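Worksheet: one structure, shown below.
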Amino acid sequence: MLFEENYQEEVTQFADVILPVPVPRLFTYRVPREFAGIVTAGVRVIVQFGKTKVVTAVVAKVHNSPPKEYQAKYILEILDDVPLVTTQQIDLFHWIAEYYMCCAGEVMNVALPSGLKITSQSKVQLNPEFEYPELLTEREKEIIEELKKHSSLSYDELARFAEVKNVYHLIKSLVGKRAIIVFEEVKEKYSPKIVRKVRLNSFYEETGNLTALIGELEKTPKQLEVLLQYLRYVPALRTPELNRKGLEKSTLMKAGISEGSLGTLVKNGVFEYFEVIISRFADLEPTQEAASIQLSGPQQKAFDEILQQFQQKDTVLFHGITGSGKTEIYIKLIELALESGSQVLYLLPEIALTTQIVVRLQKIFGDKLGVYHSKFSDNERVEVWKNIISGKYQFIIGVRSSVFLPFNNLGLIIVDEEHETSYKQYDPAPRYHAKDVALVIAQKQSAKVLLGSATPSIESYFHANQGRFGLVTLKERFGNAQLPEIELVDIKYARKHRLIKGGFSGLLLEQLKLNLEKKEQSILFQNRRGYSPYLQCEDCDWISTCHQCDVSLTYHYNGQELRCHYCGHREPLPRTCAACGSHKLKTMGYGTEKIEEELQQIFPEAKVGRMDLDTTRSKTAFQTLIGEVEKGAIDILVGTQMVTKGLDFEGVSLVGIFDADKMIHFPDFRASERAFQMITQVAGRAGRRDTRGKVIIQTNNPNQPILHQIIHNDYENLYREEISEREAFMYPPFSRLIKLTVKHFEQEIAHNAASLLALKLREKLGAPRVLGPEAPLVERVRNQFIFEVMIKLEKTIGLKGVKAFLSEQIQDVLLMKEFKGASIIPDVDCG
DNA sequence: AGCACGCCGACT
DNA sequence: GTCGGCGTGCTC
């Protein structure tokens with residue numbers, strides 16, 4: 001028996017870990033004997049990776065089979081005694097990596113807040129046993145002198161001082177001469193928030209002692225003042241337990257206490273300093289507002305139907321028109337789920353997650369509710385993560401990346417505005433869709449999913465029609481508010497008959513004026529930021545373009561510069577035409593800045609605000625702007641698609657859509673769907689309570705059927721047309737799309753690589769399943785030429801096999817020496 | 001990704 | 001000859 005136990009312990013353990021690098025496999029490390037049993041799936045460990053780097057890894061699996069081809073390195077350190085990553089999450093990471101064709105490390109990188117990750121930095125310091133300074137060159141002596149001033153220097157700092165690009169040789173030489181040593185500095189990034197507090201020595205909680213103290217301090221009025229101030233906040237006699245908790249030192253300082261007097265009192269043992277770790281989030285008590293929420297008749301009916309559908313279906317699509325009061329229904333559902341003891345995740349697109357909704361939910365759910373948002377600091381994210389693990393947060397409201405949080409017992413996931421494209425991550429891998437990931441998590445944890453939208457995606461509606469999802473519809477606005485009246489303005493006709501001023505039709509101006517007189521607010525929607533999308537020479541028609549991308553440069557009035565919206569390049573506004581030297585440069589087209597300017601000229605007395613990426617960059621700007629609209633400080637708000645996302649303003653009764661055609665004619669099979677969604681959503685901002693709102697759409701062609709579907713809010717009609725088109729051309733939901741983006745600095749190489757790839761894929765998959773290569777709308781970005789190959793697969797085809805084949809072919813093409821320097825990026829379920 | 005290592009041209 | 005540049009391949 002004893003022997004067997006010993007024998008068990010003798011077996012060496014190995015851990016397969018996920019490393020934060022884009023390498024498509026796990027790495028095996030050896031578990032040191034003293035860590036045996038503590039290293040389990042989900043704990044973070046520190047390992048050496050490569051010759052120099054030290055990184056944080058997450059253990060995916062522990063086993064006993066030593067790797068055959070190499071000697072595994074030892075795990076250096078364990079960071080957690082309780083796994084910070086759940087086994088469910090590790091499964092999910094693997095699922096995402098496989099489904100979206102990326103590496104588990106890339107998934108982990110976006111999943112873990114960077115505060116939970118540790119990377120080492122290589123640093124150098126003087127060798128204390130350095131003996132032969134005569135060996136050094138003059139240059140090296142200077143560096144040693146510099147190093148003496150600091151305890152250590154990073155490679156970067158050293159390179160900057162030595163003014164060399166490549167410090168490697170320098171370091172190697174100095175190490176060879178035994179002048180310096182290289183070491184790895186490991187930094188824990190997360191730091192708990194600490195407050196310095198002060199409390200009265202418990203000796204003075206006695207009446208007698210305290211009176212005596214006051215008597216003593218009569219001689220030193222400054223010190224007496226400190227004591228009296230303290231007692232004002234903390235009545236130490238009456239409530240000694242409050243004294244134990246002390247008072248924040250900063251509170252005393254603010255009350256005008258000097259550091260010195262307090263310091264003396266501490267030295268004399270009257271007061272004592274101590275520190276406590278506090279949460280970055282204030283604890284909020286629920287105010288029991290939930291009980292007061294009364295669902296209207298139609299809301300109650302929808303609520304009952306949703307519950308009933310959940311009896312049979314795991315996913316329900318909730319189609320509630322704008323202003324129908326979906327939030328109240330969500331709240332009731334969330335309460336129900338929490339009561340049953342399970343966790344809840346409420347997903348919202350980035351821009352719809354405003355303080356309004358958070359404050360409202362906090363009033364109801366108090367400190368059970370955690371918020372996860374991209375504008376949170378890293379430390380805050382770590383605290384949210386830890387609070388979910390500890391069980392404090394049972395309800396999270398958050399954006400796309402919240403699907404990666406360590407839930408283990410989800411009962412309900414709400415995906416609000418489920419049609420929103422921002423749920424799909426496009427740029428760095430993992431290129432995941434949060435809605436689909438939510439569905440997968442729900443399935444793994446047996447949770448229910450509610451997809452909510454006023455304009456459901458065609459896919460979701462299709463699944464509902466097919467019976468895969470349940471469907472609940474709410475077609476009445478809350479409190480009998482009416483849907484806005486929508487009018488089309490033929491801008492071509494208006495231009496011809498001079499019924500136009502700047503970019504504004506007579507009708508739009510008239511209504512804006514009327515609204516100003518009535519002291520009601522208006523929103524103007526133009527999905528293009530900047531002043532004008534391009535600058536053109538009147539003499540030779542030259543257009544300002546980006547030198548590293550294939551697009552025109554947008555003129556930004558604010559900053560007087562031209563900017564590329566693809567690569568971020570900026571240049572000062574040219575005074576003359578770069579082609580012919582003419583001074584006649586005119587701004588072409590309308591961006592939000594120009595609309596703002598024209599409005600201000602036409603209505604000088606009106607307060608005009610602008611909401612786009614440029615005015616909401618800073619952490620608070622967005623909230624400030626919303627606040628101003630709410631309190632009526634802005635009469636007309638001009639904005640990009642930001643103004644379409646779930647903003648609730650009481651006083652808005654007019655919405656103007658500046659140019660509807662851009663959206664409708666966008667070259668994408670989803671253009672109609674998107675145009676419908678965007679226009680319907682922004683129209684929904686008009687007239688929420690008792691006044692019926694008005695919407696004016698400016699277009700070159702008022703006869704387009706899509707505009708009439710929008711006017712009549714005829715979603716079913718749009719759906720019927722779209723779905724038959726999708727079926728005819730085998731687009732989603734009848735197929736799956738995988739886009740392969742091929743990039744290279746030389747156009748020809750990019751094209752050849754893409755062509756060869758397409759050819760190889762066609763051979764096996766068949767010609768109809770492979771489209772392209774085709775140059776995208778913008779053919780060149782950051783000097784790289786782009787070609788796209790699209791794979792269209794029927795739903796019946798097994799994805800695993802195809803993806804393995806794709807990866808194989810991609811590797812083949814990338815390894816060919818004529819395509820050196822090319823990159824091929826797969827995007828599963830693109831678009 | 002990030003970094004060691006190797007090969008190559010420009011200069012003392 | 002040496003220094004510094006960049007291209008390549010590996011990381012348990």
Side-chain angles (χ1 to χ4, degrees), chain A residues 12-32 35 39 41 44-77 97 102-112 114 117-124 135-140 142-143 154-156 158-177 182-187 427-431 743-746 749 811-812 814-825:
Chain A
T12 318
Q13 288 192 334
F14 293 90
D16 292 346
V17 304
I18 305 175
L19 287 171
V21 285
V23 178
R25 72 194 121 129
L26 298 179
F27 290 83
T28 307
Y29 284 84
R30 201 170 158 166
V31 180
F35 294 161
V39 172
R44 294 174 307 148
V45 292
I46 294 180
V47 294
Q48 190 177 66
F49 181 56
K51 284 191 177 149
T52 54
K53 272 200 306 179
V54 177
V55 296
T56 315
V58 168
V59 175
K61 198 181 150 200
V62 178
H63 56 84
N64 297 319
S65 38
K68 302 215 164 47
E69 290 94 38
Y70 55 86
Q71 184 78 44
K73 285 183 183 165
Y74 278 101
I75 287 173
L76 301 177
E77 204 65 68
C102 65
C103 309
E106 290 172 313
V107 182
M108 187 182 78
N109 259 341
V110 298
L112 296 197
S114 50
K117 289 179 260 178
I118 286 174
T119 34
S120 67
Q121 194 181 26
S122 299
K123 289 192 142 191
V124 297
L135 290 175
L136 299 180
T137 64
E138 282 308 308
R139 182 98 179 271
E140 287 172 344
E142 281 174 40
I143 287 160
S154 73
Y155 282 22
D156 265 8
L158 196 68
R160 221 173 303 135
F161 175 76
E163 289 176 337
V164 287
K165 257 195 182 173
N166 195 343
V167 280
Y168 178 64
H169 288 281
L170 184 65
I171 289 169
K172 205 174 172 185
S173 162
L174 285 168
V175 169
K177 292 171 184 171
V182 175
F183 68 101
E184 295 294 310
E185 187 183 70
V186 178
K187 254 192 241 146
D427 206 14
R431 298 176 171 77
K743 292 192 202 172
H744 197 275
F745 286 99
E746 280 179 57
I749 298 180
Q811 275 318 304
D812 279 4
L814 287 179
L815 286 175
M816 294 171 72
K817 52 184 178 305
E818 58 263 51
F819 301 137
K820 207 161 52 184
S823 52
I824 303 179
I825 303 148

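Just so it is clear, the model here is predicted, and its values are computed rather than measured. A note on names: the letters A, B, ... follow the listed sequences, proteins ahead of strands, and every chain is numbered from 1.
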(request) Could you pull out all residues at least two apart from Ala111(A) that satisfy side chain to side chain contact (heavy atoms under 4.5 Å, CB included)? (result) Phe93(A), Phe404(A)

(message) Give me the atom names and distance for the closest heavy-atom approach of Ala822(A) to Leu814(A).
(response) O-CD2, 3.3 Å

(request) May I ask you to test the Leu26(A)-Lys61(A) pair for a side-chain heavy-atom distance under 4.5 Å? (result) no

(request) Return the value, rounded to whole Å, for the distance between atom NZ of Lys817(A) and atom C1' of dG9(C). (result) 17 Å

(request) Whole angstrom is fine here: how far is it from CG in Leu814(A) over to C1' in dG7(C)? (result) 16 Å

(request) May I ask you to evaluate whether Thr52(A) reaches the phosphate of dA4(B), defined as a side-chain N or O under 4.0 Å from OP1 or OP2? (result) yes

Cut-off 3.5 Å, no hydrogens considered: what does the side-chain donor-acceptor table look like for residues 66-75 of chain A, sequence neighbours left out?
| from | atom 1 | to | atom 2 | distance (Å) |
| --- | --- | --- | --- | --- |
| Lys73(A) | NZ | Gly50(A) | O | 3.1 |
| Tyr74(A) | OH | Arg30(A) | NE | 3.3 |
| Tyr74(A) | OH | Arg30(A) | NH2 | 3.4 |

(message) Between Val55(A) and Val47(A), is there a side-chain heavy-atom distance shorter than 4.5 Å?
(response) yes

Give each protein N/O atom lying under 3.5 Å from an N/O atom of nucleotides 10-12 of chain C, with the pair distance.
| from | atom 1 | to | atom 2 | distance (Å) |
| --- | --- | --- | --- | --- |
| dT11(C) | O3' | Gly50(A) | N | 3.1 |
| dC12(C) | OP1 | Tyr29(A) | OH | 3.2 |
| dC12(C) | OP1 | Gly50(A) | N | 3.3 |
| dC12(C) | OP2 | Gly50(A) | N | 3.4 |
| dC12(C) | OP2 | Lys73(A) | NZ | 2.2 |
| dC12(C) | O3' | Thr28(A) | O | 2.7 |
| dC12(C) | O3' | Lys73(A) | N | 2.9 |
| dC12(C) | O2 | Thr28(A) | N | 3.2 |
| dC12(C) | O2 | Tyr70(A) | OH | 2.1 |
| dC12(C) | N3 | Tyr70(A) | OH | 3.2 |
| dC12(C) | N4 | Arg25(A) | NH1 | 3.0 |

